[in-house]
*Asks:* 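For reference, the structure I am asking about is given below.
In this chain, numbering begins with 1 at the start of the sequence shown.
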Amino acid sequence: MKIFHTADWHLGKLVQGVYMTEDQRYILQQFMQAIDEEKPDVILIAGDLYDRSMPPIEAVNLLNDTLAEIVLDKNIPVLAVAGNHDSAGRLNFGSSLMRDSGLHMKGQFTKDHAPIIVADDFGDVHFHLVPYAEPSLVRTILEDDTIRSHQDAMQKIIDHIGQGLDPTKRHVFVGHAFVTKYGEEEANTSDSERPLSIGGSDCIDAALFKPFHYTALGHLHKAHFVLNEKIRYAGSPLKYSLSEHLHEKGFLIVELDAQGDITVTKRKLLPRRDLRIVEGFMDDLLALPPNEDYVFVRLTDTTPVASPMERIRTVFPHAMHIERKVVRPEILHEIQAVESEKVDDIDLFRSFFTDIIGVQPDQDTERLFTEMLQELLDEERETVK
């Protein structure tokens with residue numbers, strides 16, 4: 001069986017004030033082309049279809065059009081679960097009506113579990129859809145007061161599923177969670193990944209997924225496997241934050257054989273605009289050829305730059321953010337207190353500037369400092385009068 005594993009579409013995502021809907025439409029068109037070329041038997045979407053519980057209408061229409069084309073036009077079943085960004089009720093609405101068309105959307109966690117069964121030449125494959133659910137909700141639904149953490153909740157869910165697991169069949173788990181190698185705390189792979197818990201551990205031990213031939217996960221935006229190659233994150237199809245600028249985005253093609261062994265291939269998706277960092281002096285950046293990428297600019301100029309964003313956008317019209325690079329931030333805590341009565345203001349400024357930037361201020365910088373200081377002193381004198 002050939003399976004497409006994707007996740008974390010985050011339709012309706014807003015990055016630095018820019019709606020990514022057209023970029024998402026562009027990338028999903030590539031996904032559609034891959035479907036035509038690879039002809040998968042089933043498509044898995046492991047949560048966070050939307051970026052928030054009440055997405056903009058453009059995002060809703062994009063998801064509707066995409067799923068309709070896959071399920072109705074291409075006749076390929078789609079199995080999806082809600083992520084922590086999604087509205088469980090919104091995704092769950094109408095799921096029983098859509099099931100006969102091949103769209104299996106599991107928005108809300110329920111006690112009654114029945115796998116979605118898809119057959120291939122070797123028999124049935126059981127897909128177990130587990131949407132994101134807070135431990136408190138799982139505790140209430142399973143009526144188990146011992147559930148206190150995400151680890152507890154997933155352990156009980158898998159135990160519950162395991163009671164009806166047919167050992168003669170192949171089994172695939174589809175979920176949205178923060179799974180780590182041994183359940184130990186790890187940093188998120190992206191700034192755009194919302195924490196799953198506040199003040200407690202949201203990590204889940206990958207060893208819990210041993211009963212399944214393949215585990216398709218969503219939540220972490222970098223594609224990788226956890227513990228072994230059978231437990232995988234597909235990653236997001238687009239870069240959604242500066243912390244993702246080095247990620248290679250795409251989706252996973254999973255081949256499941258008769259014995260349940262897997263072969264995984266990553267297929268890359270190319271955005272219409274990359275998201276990346278550019279760094280340098282303003283004059284050097286302005287000399288570059290025009291570029292349409294989403295860029296985060298780090299200026300290395302040590303002197304003030306007037307209207308930096310307006311100037312940068314003459315070369316990078318889709319620049320998202322601009323900041324001054326601090327050459328030596330590590331020495332901030334090392335700056336020693338200086339007795340101001342023994343050192344005049346300009347010497348204090350020179351010492352501070354040199355400690356932070358690593359070089360002596362030039363004449364223009366000193367002049368600007370002196371002018372600003374004089375304005376402050378004049379204002380202070382007027383206040384005293």
*Asks:* Name the orientation class of the two ring planes belonging to H128 and H113 (parallel below 30°, tilted from 30 to 60°, perpendicular beyond 60°).
*Replies:*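 Rings of H128 and H113: parallel, under 30°.
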*Asks:* E255: what forms a side-chain hydrogen bond (donor to acceptor under 3.5 Å, both in side chains) with it, not counting sequence neighbours?
*Replies:*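 Testing E255 for side-chain hydrogen bond (donor to acceptor under 3.5 Å, both in side chains), a comparison that skips the adjacent residues, returns none.
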*Asks:* Applying side chain to side chain contact (heavy atoms under 4.5 Å, CB included) between L208 and each of I157, I231, I158, report the one that passes.
*Replies:*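 Result: among I157, I231, I158, I158 is the only option passing the side chain to side chain contact (heavy atoms under 4.5 Å, CB included) with L208.
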*Asks:* Tell me whether the centres of the aromatic rings in H10 and Y240 are closer together than 6.0 Å.
*Replies:*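 Yes, the ring of H10 comes within the 6.0 Å limit of the ring of Y240, centre to centre.
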*Asks:* Kindly give the heavy-atom pair with the smallest separation between A88 and G107, and that separation in Å.
*Replies:*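 Here A88 and G107 meet closest at CB-O, 3.1 Å.
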*Asks:* Is the gap between the ring centers of H171 and F212 under 6.0 Å?
*Replies:*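 No.
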*Asks:* Which residues pass the side-chain contact (heavy atoms from CB on, under 4.5 Å) test with E184, sequence neighbours left out?
*Replies:*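 With sequence neighbours excluded, E184 shows a side-chain contact (heavy atoms from CB on, under 4.5 Å) to Y182, given in chain and number order.
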*Asks:* In plain terms, say whether R272 and E22 are close enough for a salt bridge, that is, a side-chain N and a carboxylate O under 4.0 Å apart.
*Replies:*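 E22 and R272: not salt-bridged.
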*Asks:* For the residue pair V60 and P55, what are the closest heavy atoms and their distance?
*Replies:*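 Reported closest heavy-atom pair: CG2-CG, 3.7 Å.
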*Asks:* Can you list the residues that meet the side-chain contact (heavy atoms from CB on, under 4.5 Å) rule with K74, with sequence neighbours excluded?
*Replies:*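 Result, side-chain contact (heavy atoms from CB on, under 4.5 Å) vs K74: M32, I35, D36, E69, I76.
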*Asks:* Please list all pairs passing the salt bridge (Lys or Arg N to Asp or Glu O under 4.0 Å) test where one or both residues lie in residues 169-182, with sequence neighbours left out.
*Replies:*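 For residues 169-182: D120-R170.
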*Asks:* Apply salt bridge (Lys or Arg N to Asp or Glu O under 4.0 Å) to residues R25 and E58 and explain how you reach the verdict.
*Replies:* CA-CA 10 Å; R25 189 186 309 278; E58 294 82 6; over 6 Å; no
*Asks:* According to salt bridge (Lys or Arg N to Asp or Glu O under 4.0 Å), does anything in residues 229-241 pair up with another residue at least two apart or in another chain? List the pairs.
*Replies:*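 Those involving residues 229-241 are E229-R232, K239-D274.
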*Asks:* Are E134 and Y132 linked by a side-chain donor-acceptor pair shorter than 3.5 Å?
*Replies:*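 Judged by distance alone, the side chains do pair up.
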*Asks:* Examine I3 and I70 and state if one hydrophobic cluster contains both, with Ile, Leu, Val, Met, Phe, Trp and Tyr joined whenever side-chain heavy atoms are less than 4.5 Å apart.
*Replies:*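 Unlinked, I3 and I70 end up in two clusters.
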*Asks:* Distance-only check: which donor-acceptor pairs under 3.5 Å involve side-chain atoms of residues 97-106, not counting sequence neighbours?
*Replies:*
residue : atom : partner : partner atom : Å
K106    : NZ   : T110    : OG1          : 2.9

